[in-house]
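As structure tokens, the structure follows; a few thoughts come after it.
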Protein chains: 2
Amino acid sequence: MKISDLAERTGLTAHTIRYYERIGLMPAAQRDRSGHRAYDERTLVWVEFLGHLKTTGMPIRDMLDYARLRAAGAGTEGQRKAMLARHRDAVALRVVALTECLDVLDAKIAGYGD
Amino acid sequence: MKISDLAERTGLTAHTIRYYERIGLMPAAQRDRSGHRAYDERTLVWVEFLGHLKTTGMPIRDMLDYARLRAAGAGTEGQRKAMLARHRDAVALRVVALTECLDVLDAKIAGYGD
DNA sequence: CTACAACTTCGAGCGCACTCTAAGTCAAGC
DNA sequence: GCTTGACTTAGAGTGCGCTCGAAGTTGTAG
């Protein structure tokens, strides 16, 4: 898979994918004989997971912490699990806050009449 | 109410409140005899409402559109209601997306075992 | 009278997450 | 053989939403 294919399948741009590699969010890509990046399905899964973290508002610096633990391999599972659990709880709180805001918005909208 | 009081009651800083006024998110404040900004309860309500829009991810440029309609007064209620309704729907979609991501996170966390 | 905190304006600076440009390389199709 | 287009690098630029600093004024407490 070339960078343009990965871009299409993830919704990122090739620019953004190179940026992610540069800052360490993605491991250095394999290269084909002409020096172009060549990706496999495992990379796709990783980028999609990063997408979930991004959707839920995790800052890149935290994704980097997670990526570094992942790169460190065995022995870091506990820390990774704890990180994700903390993040999960924060997201759940945000869902509650958003739901409350929806009520406020609905009330305001209703207040405008027809 | 002085700017420091409004700051304390809204959780914003005085710097941010002046910034909001500068860009047009808040109407030019009344001044006391020494030139200091003096706020009433209505301003507090407005800032709290801006807080709801911010919490739900509305960009400042959209808040500005809303603020301008509000400043224009009567006759813009329909547009304001439509804006809020569109925003409400977008927020509802985000809540759904976040909830789906929570499931993904839970699955991932469970995958790490104990 | 003096010290001090809180206010004022203007404008620069910052952190985040991209986003784009320039200049160059390479493989495939006509 | 030449054009086309996707790739490569390094580094600069962008938009958002603050955030801070400098320099000056004002009201209150001791």
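Small disclaimer: the values here were computed from a predicted structure and weren't measured. Sequence lines set the chain letters: A, B, ... in the order given, protein chains first and strands last, and positions in each chain run from 1.
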Value in whole Å for how far the C1' atom of D:dT9 lies from CD of A:Glu21: 12 Å
Atom-to-atom span, CZ of B:Arg33 to P of D:dT26 - whole angstrom: 13 Å
Gap between atoms OH and C1', on A:Tyr19 and C:dT21 respectively (whole Å): 18 Å
Among C:dC16, C:dA6, D:dC18, the one nearest A:Arg61 by side-chain distance: C:dC16
Residue-phosphate contact under 4.0 Å: A:Arg37 side-chain N/O, D:dT8 OP1/OP2: yes
Sugar-phosphate only, base, or nothing, as touched by B:Ile23 at under 4.0 Å among non-hydrogen atoms: nothing
Distance in angstrom units between B:His36 NE2 and C:dA6 P, rounded: 12 Å
Electrostatic pair B:Lys2:B:Asp5 at N-O distance under 4.0 angstrom: no
side-chain N/O B:Tyr20 vs D:dG17 OP1/OP2, d < 4.0 Å: no
Touch class at under 4.0 angstrom, heavy-atom based, for B:Arg22 against every strand present: base
Contact check, side chains of B:Tyr39 and B:Ile3, non-hydrogen atoms, under 4.5 Å: yes
Side-chain donor/acceptor of A:Trp46 to backbone N/O of A:Leu25, under 3.5 Å: yes
N or O in side chain of B:Thr13 less than 4.0 angstrom from D:dT19 OP1/OP2: no
Length of the line joining B:Arg31:CZ and C:dA6:C1', which is rounded to integer Å: 14 Å
Residue-phosphate contact under 4.0 Å: A:Arg18 side-chain N/O, D:dG11 OP1/OP2: no
Gap between atoms NZ and P, on A:Lys2 and C:dA27 respectively (whole Å): 12 Å
Presence of B:Ser34 side-chain N/O under 4.0 Å of D:dG27 phosphate oxygens OP1/OP2: yes
Rounded distance (nearest 0.5 Å) linking atom CE of A:Met58 with atom CG of A:Asp65: 9.0 Å
Nearest-nucleotide 5' precedence on DNA chain D, B:His15 against B:Pro59: B:Pro59
Between D:dT9 (C1') and A:Ile3 (CD1): distance, integer Å: 12 Å
Contact under 4.0 Å: B:Lys54 side-chain N or O vs D:dC18 OP1/OP2: yes
Intermediate values then yes/no, salt bridge (Lys or Arg N to Asp or Glu O under 4.0 Å), A:Glu41 and A:Arg9: CA-CA 11 Å; A:Glu41 296 295 320; A:Arg9 292 177 69 178; 3.3 Å; yes
Length of the CD1-C1' vector between B:Ile60 and D:dG15, whole Å: 12 Å
